[in-house]
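Single-structure report; data block below.
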Number of protein chains: 2
Amino acid sequence: MTAEKTPGRKRRGAGRVTLNTVAKQAGVSAITVSRYFNQPEQVSPERRERIAAVVNELGYVPNLVAGGLASARGKIVAMVIPNISGPIFANTIQGFSDTLSRHGYQLLLASSYFSLEQEENAVRAFLGWSPAALVLTSHFHSAGTEKMIAETDIPVIETWDYQPERDPVQIGFSHYEVGVAAARYLHGKGYRRIAFVQNSAAGDLSALERRDGYTATILELGLEPWVFTPDADRAPFEAGKQAMDALMNAALRPDAIIFANDNLAAGGLLAGQRAGLKVPEGCAVLGFGDYPFAEMLLPSLSTIKPPALEMGVMAATRVLESLGELPVEHEVSRLNLLECLLIERESA
Amino acid sequence: MTAEKTPGRKRRGAGRVTLNTVAKQAGVSAITVSRYFNQPEQVSPERRERIAAVVNELGYVPNLVAGGLASARGKIVAMVIPNISGPIFANTIQGFSDTLSRHGYQLLLASSYFSLEQEENAVRAFLGWSPAALVLTSHFHSAGTEKMIAETDIPVIETWDYQPERDPVQIGFSHYEVGVAAARYLHGKGYRRIAFVQNSAAGDLSALERRDGYTATILELGLEPWVFTPDADRAPFEAGKQAMDALMNAALRPDAIIFANDNLAAGGLLAGQRAGLKVPEGCAVLGFGDYPFAEMLLPSLSTIKPPALEMGVMAATRVLESLGELPVEHEVSRLNLLECLLIERESA
DNA sequence: ACTAATGATGTTAGCGCTACCAAAGCGCTT
DNA sequence: AAGCGCTTTGGTAGCGCTAACATCATTAGT
């Protein structure tokens, strides 16, 4: 029944079901079918019904690429995140994606592995899809990325950090304050030789801010900062073991250790236990991230829980608000500071 | 310098930098600039250089939406996965995404939460973006989804399972055989009262296949199957605890337990330990998934590791091959059976 | 030297959809 | 009865790009 009468040379999308096919079949104009999908309330009920029947019969799927081109805004949102499989970022992605998909937006995702160059490439490619919004992680970007986000007119959101003086919408928390809180908490518990174990993964610049918060606070408390840096090429779990072994063999052992994340902390915990160390009596252990296994360890791991899921949901909410898909509560704020939660378990 | 001379009424994408802007500025035709991006080897070096300079100066970013419409194939690949934040699927996504992005393809991602309806919605929306390929999880789909994947002409790949008789490309492993292997392994170790703890999450149909493999094998070995199903509304970790408590209070305790996944197993392990149970002497524990924390537990968790990352990489490879982006090794096979690995640690 | 083959570049016509306007239909007021 | 505002519908002209073909310059072949 596909009556192709075009005589000439060019026939690319032959015989595909398009808006026009549906329109003809339903006896309405193309634009009406378009409205049926985008502003159904503007189409009379009878036509809606007729169009629905035809759509169903033909199995028509709207071509969003064409729609995106015509309207210059696709229902798609781009996100670049350091890595997808990390236990914490995953929650942010999930919260973001789910909130968006409830409103018919799709997620375009890429990981940067903390590489600014990879981030830039991803952003460039994404902008070519003219997404409705762009979500990045942290405020550390290459010059090229900065240029692009300054020039684009779509909303840009930065998560997982919080820099009041920056221009894009900020949804995050202060890593520096996390370092401060960790040091103060252990100090309050009576610990005095508090060490900090750095992230072995290069490029995680936010982790350095946590360390800086720690260092500053320790000095302020009149104690001595003590930062241990594992070998850069070790996996986090192994790096944690290395750190614990090294610290326990030091002349003057620490009585508490802050690990830059829970993976490191778990490694430290296990190495300590295998060496007969009692936690927290012999040495307290505090992590960061509240990874899913933190409560599964023995002793369970005290840690600082970042608002990972909340950031994803809030990022999506801000995006939807600025697209007019969601009523704006209060006033869209450029600065959204969320709180971390210190979860006190057995290890500290 | 943006000389707009169009007199008429419609001006939508006003003053945006397009292919044409670049072309004029560089003194070449639009198609040459297009070639510069898509088949650079067809453009002479001098022009390449000139175009590169202009692109850089204007900060031009190709509009992939327009390109996708014109060429009827966007450099985008869609994936639907049960959930993004699960520790195992995350690896598949990561492997998939990374392999693709190395070839300039972007990832469109959605999660279905094991809901066939949500999967169908995601697939429908994705097809509208005319992706280069579509990747799904498992072979359980709604009728609507089946219809769409039958009618579309883009490659469809199913991962995380393996059904030889199905049409789409299969990349996965046999869940049934995992159940068989788990039962055999414990039997070989001398255990005789082997229980199986089901997944509390409804909708994970693959988990049921693992159970079936277990049941069949246990019967074949002349033992008695024993399947425990936790309350459906419990989080996995809690469900594992519940299962362990219940099984340990049974009249005749099991001497080994297979948990449908590592989260359940971790809960079981912890509940057992808190109750003074020695693992594996009192009761062996075997998980599934090799979640990152499996080696961090005490005792470390024996488990079956699915080829999560490999499936992602292989899915991407097959996609790229069928798009002609990658030389085809051997012959593109529709059936790709990968192996799980039983990782023997301390718990079983 | 003349034609054929090759490679680089340009011209034209859409891809399938929506923005923009215009117009028609309807109930109501004055 | 004419005018007004409102809703519903349709016609037209692109959105920015690339496929397909056409053209031109260059080189090779006899």
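Chain A is the first sequence line, chain B the second, and so forth, proteins listed ahead of strands; every chain is numbered from 1.
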Legend entry - Reported CG-to-CG distance for the pair Leu69(B) and Asn63(A), which is rounded to 0.5 angstrom: 6.5 Å

Inset, instruction - Before accepting this row, confirm whether a basic side-chain N of the pair Arg124(B)/Glu120(B) lies closer than 4.0 Å to the acidic partner's carboxylate O. - result: yes

Inset, instruction - Test Glu158(B) against His141(B) for side chain to side chain donor-acceptor pair (under 3.5 Å), laying out the working first. - result: CA-CA 11 Å; Glu158(B) 291 175 347; His141(B) 310 298; 2.9 Å; yes

Inset, instruction - Verify whether the ring centers belonging to Tyr60(B) and Phe37(B) lie closer than 6.0 Å. - result: yes

Legend entry - Residues touching DNA chain D, which here means a heavy atom under 4.0 Å, drawn from residues 36-48 of chain A: Glu41(A), Gln42(A), Val43(A), Ser44(A), Arg47(A)

Legend entry - Over 12 foreign heavy atoms within 6.0 Å of CZ, Arg73(A): no

Inset, instruction - Return yes when atom CD of Glu146(B) has more than 12 non-hydrogen atoms of other residues, nucleotides or ligands closer than 6.0 Å, and no otherwise. - result: yes

Inset, instruction - Could you tell me whether the phosphate oxygens of dG10(C), OP1 or OP2, come under 4.0 Å of any side-chain nitrogen or oxygen in Ser29(B)? - result: yes

Inset, instruction - Output the single nucleotide from dG10(D), dG16(C), dA19(C) whose closest atom is nearest the side chain of Arg16(A). - result: dG16(C)

Legend entry - Gly68(A) vs Gly27(B), nearer the 5' end of DNA chain C by closest nucleotide: Gly27(B)

Inset, instruction - Using a strict cut-off of less than 4.0 Å between a Lys/Arg side-chain nitrogen and an Asp/Glu carboxylate oxygen, indicate whether Lys75(B) and Glu325(B) qualify as a salt bridge. - result: yes

Legend entry - Nucleotide dC17(D), atom P - distance to CG of Leu69(A) in whole Å: 9 Å

Legend entry - Which nucleotide in dC15(D), dA20(D), dC17(D) has an atom nearest any side-chain atom of Arg35(B): dA20(D)

Inset, instruction - Using a 4.5 Å cut-off on heavy atoms from C-beta on, say whether the side chain of Tyr162(A) contacts that of Ile171(A). - result: no

Legend entry - Whole-Å gap separating P (dC17(C)) and CG (Leu19(A)): 4 Å

Inset, instruction - Examine dG10(D): is either OP1 or OP2 under 4.0 Å from a nitrogen or oxygen in the side chain of Thr32(A)? Give yes or no. - result: yes

Legend entry - Ser71(A), nearest nucleotide to its side chain (from dC17(C), dT9(C), dT18(C)): dT18(C)

Legend entry - Distance, rounded to the nearest Å, where Arg73(A) contributes CZ and dA19(C) contributes C1': 10 Å

Inset, instruction - Nearest whole angstrom, please: distance from the P of dT18(C) to the CG of Leu64(A). - result: 9 Å

Legend entry - Spacing between Ile51(B) atom CD1 and dT9(C) atom C1', to the nearest angstrom: 11 Å

Inset, instruction - Quick one: list whatever passes side-chain hydrogen bond (donor to acceptor under 3.5 Å, both in side chains) with Asn336(B), sequence neighbours left out. - result: Arg318(B), Ser333(B)

Inset, instruction - Using five base pairs at each end, measure the axis-to-axis angle across the helix from dA1(C)-dT30(D) to dT30(C)-dA1(D) and round it to 10 degrees. - result: 40°

Inset, instruction - Tell me which nucleotide among dA19(C), dC15(D), dC17(C) gets nearest to the side chain of Ile31(A). - result: dA19(C)

Inset, instruction - Mind checking the CE-CD1 spacing from Met148(A) to Ile154(A)? Nearest 0.5 Å is all I need. - result: 11.0 Å

Inset, instruction - Give a yes/no on whether any side-chain N or O of Ser34(B) is located under 4.0 angstrom from OP1 or OP2 of dT18(D). - result: yes

Inset, instruction - Find the distance Asn20(A):CG to dG11(D):C1' and express it as a whole number of Å. - result: 12 Å

Legend entry - Atom-to-atom span, CZ of Arg50(B) to C1' of dA8(C) - whole angstrom: 14 Å

Inset, instruction - Nearest whole angstrom, please: distance from the P of dC17(C) to the CD1 of Ile76(A). - result: 16 Å

